[in-house]
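To find a chain, count down the sequence lines: A is the first, B the second, and so on, and within it residues start at 1.
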Amino acid sequence: MFGGSGLGRGGRTPGFLVRNQGMLDPQLLRSQPEALAQRLAIKGFTLDVQRLQSLDDQRKSLQTQLQELQAQRNRSAKEVGQRKAAGKDVAALIEQTSGIAGRISEIEGELDAVRRDLDALIHGIPNVPHETVPSGDSDADNEEIRRWSEPTAFDFEPVDHVSLGSGLGMMDFETAAKITGSRFVVMSREIAKLHRALIQFMLDLHTTEHGYQETYVPYLVNSNSLFGTGQLPKFAEDQFMTAGDPAYYLIPTAEVPVTNLYAQSIVSEEELPICHVCHTPCFRSEAGSYGKDTRGMIRQHQFEKVELVQLVRPDDSWQALEELTGHAETVLKRLELPYRVVTLCGGDLGFSSAKTYDLEVWLPGQNQYREISSCSNFESFQARRMQARWRNSESGKPELLHTLNGSGLAVGRALVALMENYQDENGAVVVPDVLRDYMGGLGKISP
RNA sequence: GGAGAGGUGGCAGAGUGGUCGAAUGCGGCGGUCUUGAAAACCGUUGUACCGCAAGGUACCGGGGGUUCGAAUCCCUCCCUCUCCGCCA
């Protein structure tokens, strides 16, 4: 099918040029390109069907030629061996066969070039949106599907977390800028502890009540892993990378290392569903968002997140998306933070996702709902890129898994939401009931 | 950082230039036997691509090279293990 240029395991080979691992089902891509193009248009993506077909035709023709030559070479080589064993003269046959090798490498060169172009094209095609995804160009077209609680009412003018944090003397952006740069924060004392308490609470909730397995992973990954989840090759500029060779990348989300735990592996049916919860820092270069959310902790280069990751049987993935979203919602409910759930429209949907629910928490400081969790079903898109499979007992064959993930929750933004919703008129922050045990019984953080 | 040993099918583990996609064992699947099960025995058991099919091609950590022919030889990178050094 749509070939690749080989999976580079480190070295200087770009790791994301992976053989036979287009992200969409290659059969589908070849047999129904027009239908796919139509679906992809919902995502604002234009599929160049003609170019795709032309490249694939070239690929196929070259591959057929190559295989014929290889078969010829194999037959001759085998005969040389047999004649030699029989003590016959082989000089003439070797002479005759030696020409084939040259032609083979010639065609191999052409085939590689075509495959490189084809891969570049295929690897840039996003996942196909599910039929329930609303059309639209931007977040303005996202569809609200439910709300929980009401925006917090105050009998004074609420301030944002930056004012609260600096008023408490426990949140310092200037010092962070001094030691690193913009979009970082230094937290101290009770706010730093509250931040940690949120992490502990979320991990405990998901492990004890929702059945997730706590997991610790590397915060630096290789390019193959980023290809697997879909951040590469298209979104290289969003990543921080190290200077060495091979380069490592700081993870933009735990989704990358955790989902890739199952790259190139086959799990048994009994292991499914696989549910991991993982707390990690996340690093994002935020390229192209220079003017956006510059104030405060909403958009940082480094933030903490508790991530939920599931690998499930294909038949179960849509049910799993609803459940996973519910698990993330439970965090907000227990923290008693008002939120709403929206379905992302096609134009706002991520590259790898078939469908995404965003959880948006109410922020009094901004007087609006802001994203605090993103829950997605990737169907087989990521699994195909990373070859994460399960053995289907009915067919006896390895088949692609479906992967899902969701923030449960973004910790930095949860802290922001908590401070802003739980503030009092004196600039203090009340500690929500569920966090008090984690705060040594502390009920309020005061200046 | 230094020295050495390795990376082979789901797993373990042979194979050092030619009928090797790869012995053997375990595991899996099917069968015989059994009231049932176990044991034993027999058979079967990788993935992808091209093809209506027959069949063909590729894959023995990645990449490159030598050769008529490479799992096997050479170069290079990555990874694992052991010992020494250093170190949170």
- Item | Spacing of CD1 belonging to A/Ile251 relative to CG belonging to A/Leu226, to within rounding of 0.5 Å |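 Atom-to-atom, A/Ile251:CD1 and A/Leu226:CG are 9.5 Å apart.
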- Item | Atom pair CG (A/Asn377) and OG1 (A/Thr403), whose distance is rounded to the nearest 0.5 Å |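 So the gap between those two atoms works out to 7.0 Å.
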- Task: For A/Glu68 and for A/Ile266, locate the closest nucleotide of RNA chain B by heavy-atom distance; then report the residue assigned to the nucleotide nearer the 5' terminus.
- Result: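 The answer here is A/Ile266.
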- Message: I want to confirm an ordering. Mapping A/Gln67 and A/Lys78 to their closest nucleotides on RNA chain B, which one lands closer to the 5' end?
- Response: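 The residue whose closest nucleotide sits nearer the 5' end is A/Lys78.
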- Heavy-atom count around A/Arg103 CZ within 6.0 Å, excluding the residue itself: above 12?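 Open.
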- Query: Would you say A/Gln200 has more than 12 foreign heavy atoms packed within less than 6.0 Å of its CD?
  - Reply: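 Yes, because the 6.0 Å sphere around CD of A/Gln200 holds more than 12 heavy atoms from other groups.
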Paired with [N]: which nucleotide, if any, by Watson-Crick or G-U wobble criteria at under 3.5 Å for both distances?
| N | value |
| --- | --- |
| B/U32 | B/A40 |
| B/C11 | B/G25 |
| B/U82 | B/A3 |
| B/C73 | B/G65 |
| B/U16 | none |
| B/C52 | none |
| B/U47 | B/A58 |

Which listed nucleotide ([options]) is nearest to the side chain of [X]?
| X | options | result |
| --- | --- | --- |
| A/Ala101 | B/G69, B/C49, B/U57 | B/G69 |
| A/Ala77 | B/C68, B/C50, B/A58 | B/C68 |
| A/Thr64 | B/C68, B/C50, B/C49 | B/C50 |
| A/Gln82 | B/U19, B/U57, B/C50 | B/U19 |
| A/Tyr248 | B/C79, B/G18, B/U47 | B/C79 |
| A/Pro398 | B/C68, B/U47, B/A58 | B/U47 |

Expressed in angstrom and rounded to an integer, what is the separation of [X] atom [atom1] from [N] atom [atom2]?
| X | N | atom1 | atom2 | answer |
| --- | --- | --- | --- | --- |
| A/Glu108 | B/U57 | CD | P | 14 Å |
| A/Gln264 | B/G7 | CD | P | 20 Å |
| A/Arg83 | B/U19 | CZ | P | 17 Å |
| A/Gln96 | B/U67 | CD | C1' | 17 Å |
| A/Arg115 | B/A58 | CZ | P | 12 Å |
| A/Leu69 | B/G69 | CG | P | 13 Å |
| A/Arg73 | B/A58 | CZ | C1' | 10 Å |
| A/Leu93 | B/G18 | CG | P | 17 Å |

- Have a look at A/Ser98 and say if it touches a base, only the backbone sugar-phosphate, or nothing, with a 4.0 Å heavy-atom cut-off.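 Touches sugar-phosphate only.
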Rounded distance in Å between the [atom1] positions of [N] and [M]:
| N | M | atom1 | value |
| --- | --- | --- | --- |
| B/C84 | B/G18 | P | 41 Å |
| B/C87 | B/G17 | C1' | 47 Å |
| B/G15 | B/C81 | C1' | 22 Å |
| B/C42 | B/G63 | C1' | 45 Å |
| B/U80 | B/C86 | P | 23 Å |
| B/U19 | B/G69 | P | 14 Å |
| B/A3 | B/G85 | P | 16 Å |
| B/G51 | B/U45 | P | 25 Å |

- A/His279 versus A/Glu304, side-chain donor and acceptor atoms under 3.5 Å: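 Yes, because at least one side-chain N or O of A/Glu304 sits under 3.5 Å from a partner of the opposite role on A/His279.
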- Message: Just by distance, no angles: are the side chains of A/Glu323 and A/Gln310 close enough, under 3.5 Å, to form a donor-acceptor pair?
- Response: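 Absent: no donor and acceptor within the cut-off.
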When you check the phosphate oxygens OP1 and OP2 of [N], does a side-chain N or O of [X] lie under 4.0 Å from one of them?
| X | N | answer |
| --- | --- | --- |
| A/Arg30 | B/C50 | yes |
| A/Arg391 | B/G46 | no |
| A/Lys60 | B/G51 | yes |
| A/Asn74 | B/A58 | yes |

- Message: Does the structure place the NZ or CZ of A/Arg196 under 6.0 Å from the centre of the six-membered ring of A/Tyr438, at an angle of no more than 45° from the ring's axis?
- Response: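 The answer is no; the distance or angle limit is not met.
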- Query: Excluding sequence neighbours, so at least two apart, what forms side chain to side chain donor-acceptor pair (under 3.5 Å) with A/Thr325?
  - Reply: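 Residues passing side chain to side chain donor-acceptor pair (under 3.5 Å) with A/Thr325: none at all.
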